[in-house]
Amino acid sequence: MTVYAQIYAVVQQIPPGKVATYGQVAELANLAGKARLVGYALARVAGDDRDIPWQRVVNARGEISYSPFRQGNDYLQRALLEREGVQFDAADRVNLRVYRWRPGEPDGHTSL
DNA sequence: AAGGTGACCCTAT
DNA sequence: CATAGGGCCACCT
């Protein structure tokens with residue numbers, strides 16, 4: 001069982017229309033504090049593996065992590081999320097209080 | 001086999 | 001709000 005397998009297993013549980021942060025995924029995969037590994041692991045499957053909803057992972061501020069290394073996948077990420085109903089604010093961020101996925105609550109009830 | 005690197009995160013200034 | 005620095009660790013030369 002590699003650390004990647006654990007990371008992918010967690011990401012696959014994120015339901016459509018919801019997002020999780022890198023740090024959150026790391027914690028759920030028993031890799032607390034190793035958020036970078038999550039990004040690294042996802043970089044290896046993006047565009048390659050369609051079984052993993054990589055677009056549902058954003059950074060701790062609710063932003064998509066843009067990088068030239070992603071060759072457009074970052075922009076694609078936003079398009080995919082919007083297609084799922086996730087809305088971005090004027091600062092290009094998603095409101096984590098509304099869209100953050102909470103394990104155990106399949107259809108996150110957005111109570112403030 | 002050692003060193004650079006990356007889709008991160010947190011705290012302090 | 002912005003910048004800076006430390007911690008993290010598997011992957012690829």
Side-chain angles (χ1 to χ4, degrees):
Chain A
M1 189 61 145
T2 67
V3 289
Y4 292 142
Q6 299 183 56
I7 291 171
Y8 300 146
V10 171
V11 175
Q12 288 177 323
Q13 293 175 53
I14 308 173
K18 286 289 175 179
V19 300
T21 66
Y22 294 93
Q24 183 183 354
V25 171
E27 284 184 29
L28 292 171
N30 286 306
L31 297 168
K34 302 168 190 169
R36 299 192 77 183
L37 281 190
V38 175
Y40 198 91
L42 289 178
R44 306 205 110 268
V45 296
D48 206 7
D49 196 326
R50 292 170 175 58
D51 298 318
I52 300 174
W54 54 270
Q55 75 272 23
R56 302 190 190 129
V57 183
V58 298
N59 69 29
R61 295 182 229 150
E63 308 170 310
I64 283 173
S65 290
Y66 288 92
S67 163
F69 292 99
R70 299 188 62 182
Q71 306 185 337
N73 280 328
D74 36 18
Y75 290 91
L76 171 62
Q77 177 171 5
R78 173 159 180 163
L80 290 173
L81 287 177
E82 292 185 317
R83 187 179 304 172
E84 294 181 357
V86 175
Q87 299 184 3
F88 288 74
D89 64 20
D92 297 311
R93 292 183 306 222
V94 303
N95 185 333
L96 290 177
R97 265 209 271 214
V98 175
Y99 298 104
R100 183 197 291 274
W101 166 55
R102 288 185 173 70
E105 293 179 22
D107 199 57
H109 146 18
T110 65
S111 55
L112 295 194

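The chains referred to below are lettered A, B, ... by the order of the sequence lines, with proteins before strands, and numbering in each begins at 1. A quick note: this is a predicted structure, and the numbers were derived from the prediction, not measured.
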Compare all side-chain heavy atoms of A/Glu84 with those of A/Tyr99 and state whether any distance is below 4.5 angstrom. no
Pairwise side-chain contact, A/Val11 with A/Val25, heavy-atom cut-off 4.5 Å (strictly under): yes
Take atom OH of A/Tyr75 as the centre, draw a 6.0 Å sphere, and report whether it contains more than 12 heavy atoms from other residues, nucleotides or ligands. no
Please say whether more than 12 non-hydrogen atoms of neighbouring residues, nucleotides or ligands are located less than 6.0 Å from CD in A/Gln12. yes
In this structure, how many angstroms lie between the [atom2] atom of [N] and the [atom1] atom of [X], rounded?
X       : N      : atom1 : atom2 : result
A/Leu28 : B/dC8  : CG    : C1'   : 15 Å
A/Arg61 : B/dA7  : CZ    : P     : 15 Å
A/Gln24 : B/dC10 : CD    : C1'   : 16 Å
A/Phe69 : C/dC11 : CZ    : P     : 19 Å
A/Asn59 : B/dG6  : CG    : C1'   : 14 Å
A/Leu31 : B/dC9  : CG    : C1'   : 14 Å
A/Leu42 : B/dA7  : CG    : C1'   : 7 Å
A/Arg70 : B/dA7  : CZ    : C1'   : 4 Å

Nearest to the side chain of A/Ala60, which nucleotide is it out of B/dG6, B/dC9, B/dA7? B/dC9
Of the nucleotides C/dC11, B/dA7, C/dC9, which one has an atom closest to the side chain of A/Tyr22? B/dA7
Quick one, A/Leu28 with A/Trp101, criterion side-chain contact (heavy atoms from CB on, under 4.5 Å). Give me CA distance, side-chain angles, the key distance, then yes/no. CA-CA 12 Å; A/Leu28 292 171; A/Trp101 166 55; 3.6 Å; yes
So A/Val58 and A/Gln77, side-chain contact (heavy atoms from CB on, under 4.5 Å) or not? Walk me through it. CA-CA 9 Å; A/Val58 298; A/Gln77 177 171 5; 4.0 Å; yes
Start at the 5' end of DNA chain B and walk down; is the nucleotide closest to A/Gly23 or to A/Tyr40 reached first? A/Tyr40
Protein N or O to nucleotides 5-8 of chain C N or O, pairs below 3.5 Å:
none

Shortest non-hydrogen contact between A/Arg61 and A/Leu96, atoms and distance: C-CD1, 4.2 Å
